[in-house]
Amino acid sequence: MIRVLLVDDHWLVRAGFRSVLEDEYDIEVVGEASDGRAAVSACRELKPDVVLMDIRMPEMDGLDATVVITEDERLAAVKVVILTTFDLDDYVYGALRAGATGFLVKDTEPELHAVRVAARGDALISPSVTRRLIAEFASRVKGPRPDPRLDVLTDREREVMQLVAAGLTNDEIAERLVLQVSTAKTHVSRVLTKLGARDRSQLVVMAYESGLVSPGWLED
């Protein structure tokens, strides 16, 4: 079972997500919280697999809560998915840097596949949303600077990191590089380990901020 924590200051939003998620055989809503501070406490108590986290909340907002959760070694397995109205505001870019695994559009029905993907840490969420977000994020990066941490990567690993930064899943990376999916997954895991990154979202940030990729790179 994928254990999910719902965090939003509007109970109707939480009720809507709970109603949809609990109809699934492999998803269990283990708790709810109405602000970031309560979300952090609930994470420490319940150890959910995925947190669906609103951004604007009282007491502690979702961005600050995400930072606390992702920096807590005891919660290393917890994946935070940001709920957004997709305003593409600075809160969302801050969430990427804070270690959020992905994004889910708040005013539409939850993408159940996205929750499952987040639970296994396979990809940034919802390509239609995430790739648009990545492109917008990349356009705001100021003056990419070479990052010496990337020097430890092999040429193949750098290539894989570029594709991760473009929003590709393991299956898509395997297809593009003509690899087995298991091999692509292994390469991604090695890149994460070598760079000390929590998940793929941090690889995206590092790739754009270091200049390893640039806006529109995949289409060039």
Side-chain angles (χ1 to χ4, degrees), residues 1-70 72 75 77-137 167 169 198-201 204:
M1 295 291 287
I2 299 171
R3 295 162 49 81
V4 177
L5 174 67
L6 303 176
V7 184
D8 195 289
D9 59 335
H10 294 97
W11 72 268
L12 279 175
V13 173
R14 299 197 306 271
F17 274 84
R18 177 181 283 272
S19 176
V20 174
L21 293 172
E22 289 194 331
D23 282 342
E24 299 302 302
Y25 73 93
D26 59 342
I27 297 176
E28 176 188 7
V29 177
V30 296
E32 299 182 15
S34 59
D35 63 67
R37 199 174 305 280
V40 172
S41 296
C43 278
R44 289 171 175 162
E45 177 184 354
L46 300 171
K47 300 296 193 300
D49 299 305
V50 178
V51 180
L52 296 184
M53 179 83 75
D54 189 22
I55 292 181
R56 297 180 181 87
M57 295 181 293
E59 298 296 329
M60 176 187 286
D61 66 26
L63 180 56
D64 289 340
T66 297
V67 171
V68 173
I69 292 167
T70 57
D72 190 333
L75 303 177
V78 178
K79 306 299 183 183
V80 179
V81 176
I82 296 296
L83 299 174
T84 176
T85 53
F86 205 59
D87 293 328
L88 288 177
D89 56 26
D90 289 335
Y91 285 101
V92 177
Y93 308 114
L96 262 178
R97 289 191 176 91
T101 296
F103 305 87
L104 198 59
V105 177
K106 186 176 178 180
D107 56 2
T108 61
E109 193 170 277
E111 296 183 44
L112 299 171
H113 175 65
V115 172
R116 296 185 178 102
V117 167
R120 66 176 185 257
D122 182 40
L124 289 161
I125 293 168
S126 183
S128 62
V129 173
T130 300
R131 289 176 189 169
R132 181 178 161 195
L133 176 61
I134 288 173
E136 187 70 19
F137 167 76
T169 65
R198 176 185 173 90
D199 54 31
R200 300 165 80 106
S201 65
V204 172

Original post:
What is the distance from atom CG of Asp8 to atom CZ of Arg56, rounded to the nearest 0.5 Å?
Top reply: 12.0 Å
**OP:** Could you give me the CA-CA distance, side-chain angles and deciding distance for Leu83 and Phe17, then say whether side-chain contact (heavy atoms from CB on, under 4.5 Å) is met?
**Re:** CA-CA 11 Å; Leu83 299 174; Phe17 274 84; 3.7 Å; yes
**OP:** Check whether any side-chain heavy atom of Val4 lies under 4.5 Å from a side-chain heavy atom of Ile2, and answer yes or no.
**Re:** yes
Original post:
Between atom CG of Leu46 and atom CD of Glu32, what is the distance when rounded to the nearest 0.5 Å?
Top reply: 11.5 Å
Subject >> Rounded distance [0.5 Å steps], CG in Leu63 versus CD1 in Ile55 >> reply: 7.0 Å
Original post:
If every non-hydrogen atom of Val51 is compared with every non-hydrogen atom of Pro48, which pair is closest and at what distance?
Top reply: CG2-CG, 3.9 Å
Original post:
Is Ser19 reaching over with its side chain to a backbone N or O of Ala15, donor-acceptor style, under 3.5 angstrom?
Top reply: no
Original post:
Which atoms form the tightest heavy-atom contact between Met53 and Ile69, and what is the distance?
Top reply: CE-CD1, 3.7 Å
Original post:
Nearest heavy-atom pair of Leu5 and Ala39: which atoms, and what distance?
Top reply: CD2-O, 3.8 Å
Original post:
Closest approach of Lys47 and Leu75, non-hydrogen atoms and distance?
Top reply: CD-CD2, 3.7 Å
Original post:
Just by distance, do the side chain of Arg37 and the backbone of Met60 share a donor-acceptor pair under 3.5 Å?
Top reply: no
**OP:** Identify the two heavy atoms, one from Ala100 and one from Ile82, that lie closest to each other, and give their separation to 0.1 Å.
**Re:** CB-CG1, 3.6 Å
Original post:
From Asp49 CG over to Arg116 CZ, what is the distance, rounded to the nearest 0.5 angstrom?
Top reply: 13.0 Å
Original post:
For Arg3, which residues count as a salt bridge (Lys or Arg N to Asp or Glu O under 4.0 Å) partner, sequence neighbours excluded?
Top reply: none
Original post:
Do Leu6 and Leu21 come close enough that some side-chain heavy atom pair is under 4.5 Å?
Top reply: yes
**OP:** Starting from the C-alpha separation in whole Å, work towards a yes-or-no answer on side-chain contact (heavy atoms from CB on, under 4.5 Å) for Glu59 and Ser34.
**Re:** CA-CA 9 Å; Glu59 298 296 329; Ser34 59; over 6 Å; no
Original post:
Is the closest side-chain heavy-atom distance between Leu52 and Val81 below 4.5 Å?
Top reply: yes
Subject >> Nearest heavy-atom neighbours spanning Met1 and Glu28 >> reply: CE-CB, 3.6 Å
**OP:** For residues Glu24 and Val115, determine if any side-chain heavy atom of one lies less than 4.5 Å from a side-chain heavy atom of the other.
**Re:** no
Original post:
Who pairs with Glu22 by salt bridge (Lys or Arg N to Asp or Glu O under 4.0 Å), at least two apart in sequence or on another chain?
Top reply: Arg18
